[in-house]
Amino acid sequence: MKIVGTTGRDDIARAYIAEMRPGMLVEFCEAVEPPIPRSRKWVLIVSTMFGCPVGCQMCDAGGQYGGNLSADEILSQIDFLIARRFPERRIDVSKFKIQFARMGEPALNRAVIDVLRRLPERYDAPGLMPSVSSVAPSAGARFFEELADVKQDLYRGGRFQLQFSIHTTDKALRDRLIPVDKWDLAEIAAYGGAFYRTGDRKITLNFALAEGMPLESQVLLRHFDPERFLLKITPLNPTYRAVEHKLTSRIDPEASEGKIALIEDLETAGYEVLLSIGEPEENLIGSNCGQHVLRHLREQEPLSGAYTYSVASD
Ligand code: SF4
């Protein structure tokens, strides 16, 4: 792997562009959450595919799918980030998250399971917490079976995070946003209900909320037990794809009234709700969820509120 570019700042987030195979680029990131020091929380976000075949309407990483990364290629991104800050491979960070969430749908790449099995022996990292976020593609059924096993074997008792990105409770709109054959809410609930064991972290249902996308507590209650599932609501980050599909964020990071009413309704239904606004600067860096610096470099036009940092070549 050869680093060919980087952008961002070390005190918030930094993205790296790397040539993984001749002519084939990936990108990966590291982030902290100011004012929490890196010694308490450090997040790595790595790619599992060259591009992504799913093509979610809000995601700049979608399209241009060029195949899956191998386990060694995924690990090489993690190795690089660790070597920069912890060359001894002793990662003394209370919460050391590794998210398989930059480019690619992890459930469509079984090498992710191999990586999850190898992480604990590869690094001395007592705070290690892998995080798998998925849109629940039907073709990932075998992956999910193996994921439940690896969690039980190596990460039980709250050391693993599983997230399903759903974005709306309306089936037709969800199909439009996430154009892949995928589990319906009942199937996600059945899998998640069995995946969760006492002591585990609750399974996250993520909604990057766009205007016009319903999030109905009564629909959720039909399927998801608030004892096993929590809700995470995020703004829709600025991406080229969101603009193309005329999607605008229902959550305004600056205003609070609408979001409080929505959250109150979900909390009254019994759910734990996280409103995750994140660092606005991450939008400008292009390191936020759904963003993709390589897409920005391909575009000729700037994008309002995003990707303003220059990319330095290495
Ligand atoms: S959000 Fe995930 S699954 Fe959807 S296109 Fe982006 S990388 Fe692929």
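Numbering of ligands and ligand atoms starts at 1, following listing order.
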Would R85 and D10 pass as an ion pair if we require N to O under 4.0 Å?
-> yes
Among protein heavy atoms, which lies nearest atom 7 (S) of ligand 1, and at what distance?
-> G104 N, 3.5 Å
Closest to atom 8 (Fe) of ligand 1 among protein heavy atoms sits C52 SG, 2.3 Å
Which segment of C56 sits under 4.0 Å of ligand 1 when only heavy atoms are counted = both
Does C59 bring an N, O or S atom to within less than 2.8 Å of atom 4 (Fe) of ligand 1?
-> no
Salt bridge present between E105 and K182 (N-O < 4.0 angstrom) = no
With atoms numbered from 1 as shown, which atoms in ligand 1 lie under 4.0 angstrom from a non-hydrogen atom of G55?
-> 5 (S)
Can you tell me if S133 and Q163 form a side-chain donor-acceptor pair at under 3.5 Å?
-> yes
Between Y240 and R298, do the side chains contain an N or O donor and an N or O acceptor separated by less than 3.5 Å?
-> no
Within 4.0 Å of some non-hydrogen atom of G62, the atoms of ligand 1 are 5 (S)
Run the ring-centre check on F96 versus Y123 and record whether the distance is less than 6.0 Å.
-> no
